[in-house]
Amino acid sequence: MKSIRTRFAPSPTGFMHVGGVRTALFAWLIARQDPNGKFILRLEDTDQKREVEGSAEHLIKSLRALGIDYDEGPDIGGPYATYRQSERLETYKRWAQKLIDAGRAYADPFSAEEIESFRKKASSEKRAFLYRHHRPENPPAWDGTTPLRFRSDPKSYDWHDEVMGDLHSGPEVIDDIILIKSDGFPTYNFAHIVDDAEMEITHIIRGQEFISSQPNYLNLYEALGLEHPVFATMPHILGESGTKKLGKRDGAKDVLEYINEGFITEALVNFIASLGWNDGTEQEIFSRNELIAKFSLDRVGRSGARFDEQRLLWMNGQWIRRLTLDDLFDRAEDFWPAAAKRADIETKKHVLNLVQDRLKTLADLPTITSYFFEEPVPNWQMVSDNKQLGKLSRQEIKDLLTAAQNALNECEFDAESLQNTLNKLLITTDQKPAILFSLIRLAVSWAPFSPALNETLAIIGKDMVNIRLQTAIKTA
RNA sequence: GGUCUCAUCGUCUAAUGGUUAGGACACCAGGUUUUCAUCCUGGCAAUCCGGGUUCAAUUCCCGGUGAGAUCACCA
């Protein structure tokens with residue numbers, strides 16, 4: 001059997017959003033399931049007007065960040081180079097010439113205005129506009145300055161799509177599509193078919209927006225004498241609120257933005273894969289390798305899925321908890337609060353270990369760790385808002401904190417000794433943990449929550465704890 | 001408007017011609033924990049509507065309805 005070759009073929013006209021990632025991911029998974037499979041990146045940069053500076057680099061960076069590696073591509077070359085359509089113009093001309101020679105392509109003699117008036121007439125008569133109804137009798141020879149059109153052969157088609165199942169269309173959707181634009185660049189409609197054939201692509205995985213053009217592509221494959229690849233059409237990912245295709249307006253975010261917000265790539269990949277796909281079991285968390293082992297196109301759902309950030313957040317937490325401390329430490333590097341710069345690696349690892357279960361994203365790191373690295377600002381509102389502590393008088397608070405300060409001054413600052421000291425303090429002050437420990441916790445951290453009190457004190461250290469308790473007693 | 005596609009808890013989804021329609025997120029309650037988080041237990045909550053086929057339909061068929069896609073010298 002032929003080795004699988006799949007491709008991701010974006011146009012460099014914008015950023016990489018989750019819909020694009022999913023298409024790329026599924027194509028990549030299919031390729032990686034075959035030991036000899038190849039995944040190819042091809043840039044479809046045939047629209048000069050819409051090209052956005054830097055977006056090709058951005059696409060590449062996004063794929064790399066997510067671990068979706070490709071075997072052939074514009075920046076790494078490969079046996080079918082070049083992988084940039086703007087550099088393959090001669091190839092398209094060659095294939096176009098075949099069609100011209102066979103009488104299956106002709107120069108479009110009409111101006112844009114003329115075509116527009118045909119279109120308007122059709123719409124005023126409530127008919128669908130078809131260019132082929134205006135196909136010229138004796139078109140001029142094509143000199144490259146006008147669009148080159150396909151001379152279509154309208155007919156019905158039945159074809160299979162790995163995701164959508166068996167599909168059908170009638171002849172009324174087949175038209176004389178443009179192959180080469182008047183600027184000499186091919187249209188997507190023509191270029192992707194030529195390139196997929198030249199690059200021996202076996203599976204086309206693409207978004208739903210192409211499904212209605214599929215019959216025209218089938219017609220073109222026939223005219224070119226080509227077998228078509230396997231088709232797999234993905235339903236769209238819908239925006240959070242609405243029911244529309246996910247677009248920038250609906251808050252569709254660049255994947256790199258998610259990474260900058262502290263989402264880890266395993267979680268993003270896992271989440272995006274599970275949008276429309278599952279393996280039929282109750283498993284929710286899939287590693288990259290599990291996805292490769294278990295993915296199949298025929299288990300991809302046909303209806304659009306909404307992008308639910310809550311679920312992504314949960315999944316990110318799940319993945320963070322699964323990381324080893326060293327791995328987490330490496331990934332967290334850019335997320336520490338500024339004050340942590342001075343701290344040594346061991347302390348930071350210790351802190352990270354204590355807060356690992358509490359992180360939903362790496363970006364949570366500053367808010368839940370900053371008091372380990374710098375003086376927190378006392379916020380007595382937190383005490384008065386506390387159901388238990390709010391009942392204490394100022395004097396009671398001062399007395400409890402002073403007792404704590406004295407006891408802790410006599411204590412070795414390791415977690416075990418601290419726990420013993422704290423337990424004894426409960427007895428001598430005759431207080432409940434919910435009151436005494438909460439008060440100490442707030443006085444040294446002024447954070448809404450923190451790890452276990454003894455561990456927290458141990459990291460902050462004896463001197464700093466003393467200073468913070470002193471400050472608290474003074475400001476109470 | 002033409003064409004195509006889709007339709008299970010609020011969300012992501014599983015399953016089946018006969019099930020108490022399963023799981024996960026979110027939410028609520030309880031347990032554990034000094035707090036928060038984690039973890040554990042429980043709860044809430046769904047087959048779009050109408051016909052037909054059938055002993056039996058959420059599942060198959062037809063028709064509605066709703067949603068999405070497309071109808072470019074964009075991809």
Side-chain angles (χ1 to χ4, degrees), chain A residues 9-14 44-47 49-50 108 112 115-116 119 122-123 125-130 146-149 161 164-165 167-170 172-173 175 177-189 191-192 206-215 233 235-236 238 240 242-245 271 274-285 299 301-315 317 321 355-360 364 368 382 386 388-389 422 426 431-442 445 447-454 456:
Chain A
S11 67
T13 51
E44 311 231 315
D45 55 346
T46 55
D47 186 348
K49 290 186 287 289
R50 296 206 317 158
D108 179 349
I115 292 173
E116 191 49 39
R119 188 173 284 129
S123 95
E125 291 167 6
K126 299 240 178 217
R127 287 185 294 111
F129 168 75
L130 283 171
T146 63
L148 182 71
R149 281 193 186 260
D161 186 286
M164 291 300 177
L167 300 172
H168 173 84
S169 70
E172 69 281 357
V173 298
D175 199 9
I177 55 175
I178 289 176
L179 305 173
I180 310 256
K181 299 179 274 186
S182 58
D183 64 3
F185 282 74
T187 57
Y188 166 84
N189 300 141
H192 88 273
R206 61 170 43 133
Q208 208 186 48
E209 64 270 28
F210 295 104
I211 206 164
S212 52
S213 321
Q214 194 73 275
T233 304
H236 281 140
L238 311 172
E240 188 93 48
T243 44
K244 277 188 175 167
K245 175 184 166 187
F271 177 74
S274 69
L275 232 41
W277 175 86
N278 72 84
D279 72 343
T281 72
E282 289 177 358
Q283 185 170 350
E284 307 279 347
I285 304 295
R299 286 200 63 88
R302 297 180 192 176
S303 56
R306 227 162 276 193
F307 190 92
D308 181 6
E309 271 198 45
Q310 286 285 2
R311 199 174 147 79
L312 171 59
L313 212 51
W314 166 78
M315 200 169 267
R321 266 163 247 145
V355 302
Q356 183 163 12
D357 282 354
R358 292 171 170 77
L359 291 172
K360 285 246 189 278
D364 294 340
I368 62 177
M382 295 177 84
N386 183 293
Q388 307 256 26
L389 300 179
L422 289 168
L426 283 176
Q431 281 296 348
K432 288 181 190 153
I435 291 175
L436 180 67
F437 291 177
S438 295
L439 184 61
I440 299 172
R441 200 182 63 74
L442 281 172
S445 72
F449 50 86
S450 62
L453 183 55
N454 61 329
T456 305

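Counting heavy atoms from C-beta on, the side chains of A:D45 and A:F185 never come closer than 4.5 Å. Residues A:E284 and A:W314 meet the side-chain proximity criterion, which asks for heavy atoms closer than 4.5 Å. No side-chain heavy atom of A:Q214 sits under 4.5 Å from any side-chain heavy atom of A:L167.
Here the C1' atom of nucleotide B:C36 and the CG atom of A:L439 are 17 Å apart, to the nearest Å. Here B:A37 presents its P atom at 11 Å from CZ of A:R441, a figure rounded to the nearest Å. The CG atom of A:L130 sits 9 Å away from the C1' atom of B:C71 (whole-angstrom rounding). Summarising the geometry, the separation between CZ on A:F185 and C1' on B:A72 is reported as 18 Å, rounded to the nearest angstrom. In this entry the distance linking CD1 of A:I368 with C1' of B:U35 reads 13 Å, nearest Å. In this structure, NE2 of A:H236 is placed 13 Å from C1' of B:C4, rounded to the nearest angstrom. A:F437 has its CZ atom 12 Å from the C1' atom of B:U35, to the nearest Å. Rounded to an integer number of Å, the gap from CG of A:L442 to P of B:C36 is 12 Å.
A distance of 12.0 Å separates CZ in A:R358 from CG in A:D364, rounded to the nearest 0.5 Å. A:T456 OG1 to A:F449 CZ: the interatomic distance, rounded to the nearest 0.5 Å, is 12.0 Å. With values rounded to the nearest 0.5 angstrom, A:L436 atom CG is found 4.0 Å from A:I440 atom CD1. Of the inter-residue distances, the one linking A:R149 atom CZ with A:L179 atom CG reads 9.0 Å to the nearest 0.5 angstrom. Distance check, rounded to the nearest 0.5 Å: OG of A:S213 to CZ of A:R206 gives 8.0 Å. Distance check, rounded to the nearest 0.5 Å: NZ of A:K49 to OG1 of A:T13 gives 13.0 Å.
As the counterpart of B:U59, no nucleotide is assigned, since no Watson-Crick or G-U wobble pattern has both distances under 3.5 Å. Nucleotide B:U8: unpaired (no Watson-Crick or G-U wobble partner with both distances less than 3.5 Å). Base pairing analysis places B:U3 opposite B:A69; the two distances defining the Watson-Crick or G-U wobble pair are each below 3.5 Å. Nucleotide B:U20 forms no Watson-Crick or G-U wobble pair with any nucleotide shown, as no partner meets the under 3.5 Å limit on both distances. Pairing for B:A15 is absent, with no Watson-Crick or G-U wobble pair whose two atom distances lie under 3.5 Å. Remark: B:C27 base-pairs with B:G43. Criterion, Watson-Crick or G-U wobble with two distances under 3.5 Å.
Distance noted for atom C1' between B:C49 and B:U58: 13 Å (whole Å). Between B:C9 and B:G43, the two C1' atoms lie 14 Å apart (nearest whole Å). B:A45 and B:G2: their P atoms are spaced 41 Å apart (whole Å). Taking the P atoms as reference points, B:C62 lies 22 Å from B:A67, given to the whole Å. The C1' atoms of B:U53 and B:A46 are separated by 26 Å, rounded to the nearest whole Å. Between the P atoms of B:G63 and B:C4, the separation comes to 12 Å (whole Å). Taking the P atom of each, B:G66 and B:G50 are spaced 16 Å apart, rounded to whole Å. Taking atom C1' in both B:G23 and B:A37, the straight-line distance is 24 Å, to the nearest Å.
Here the closest non-hydrogen pair linking A:P451 and A:V355 is CG-CG1, 4.1 Å.
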Show each protein N/O and nucleotides 5-8 of chain B N/O combination with a separation under 3.5 Å, one pair to a line.
{"unit_1": "B:C6", "atom_1": "OP1", "unit_2": "A:R302", "atom_2": "NH1", "d": "3.2"}

Taking only N/O atoms, report every protein-nucleotides 73-75 of chain B pair under 3.5 Å with atom names and distance.
{"unit_1": "B:C73", "atom_1": "O2", "unit_2": "A:S182", "atom_2": "N", "d": "2.8"}
{"unit_1": "B:C73", "atom_1": "O2", "unit_2": "A:S182", "atom_2": "OG", "d": "2.7"}
{"unit_1": "B:C73", "atom_1": "N3", "unit_2": "A:S182", "atom_2": "OG", "d": "2.9"}
{"unit_1": "B:C74", "atom_1": "OP2", "unit_2": "A:K181", "atom_2": "NZ", "d": "2.9"}
{"unit_1": "B:C74", "atom_1": "O2'", "unit_2": "A:D47", "atom_2": "OD2", "d": "3.0"}
{"unit_1": "B:C74", "atom_1": "O2'", "unit_2": "A:R50", "atom_2": "NE", "d": "3.3"}
{"unit_1": "B:C74", "atom_1": "O2'", "unit_2": "A:R50", "atom_2": "NH2", "d": "3.0"}
{"unit_1": "B:C74", "atom_1": "O2", "unit_2": "A:R50", "atom_2": "NH2", "d": "3.4"}
{"unit_1": "B:A75", "atom_1": "OP1", "unit_2": "A:T46", "atom_2": "OG1", "d": "2.7"}
{"unit_1": "B:A75", "atom_1": "OP1", "unit_2": "A:K181", "atom_2": "NZ", "d": "2.8"}
{"unit_1": "B:A75", "atom_1": "OP2", "unit_2": "A:Y188", "atom_2": "N", "d": "3.0"}
{"unit_1": "B:A75", "atom_1": "O3'", "unit_2": "A:E44", "atom_2": "OE1", "d": "3.3"}

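For A:N278, no side-chain nitrogen or oxygen approaches OP1 or OP2 of B:U13 to under 4.0 Å.
Residue-level contact check: A:G276 touches the backbone only, with heavy atoms under 4.0 Å from sugar-phosphate atoms and none from bases. In this structure, A:P451 reaches the bases: a heavy-atom distance under 4.0 Å links it to at least one base atom across the strands shown.
A:R299 contributes a side-chain N or O that, together with a main-chain N or O of A:N278, makes up a donor-acceptor pair within less than 3.5 Å. At least one donor-acceptor pair under 3.5 Å links the side chain of A:T187 to the backbone N or O of A:I178. For the pair A:S438 (side chain) and A:I435 (backbone), a donor-acceptor distance under 3.5 Å is absent.
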Seminar exercise, completed: 5' to 3', nucleotides 15-30 of chain B under a 4.0 Å protein heavy-atom cut-off (B base, S sugar-phosphate only, - none) gives S------SBBSS----
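A salt bridge does not link A:D308 to A:R311: none of the charged side-chain nitrogens sits closer than 4.0 Å to a carboxylate oxygen.
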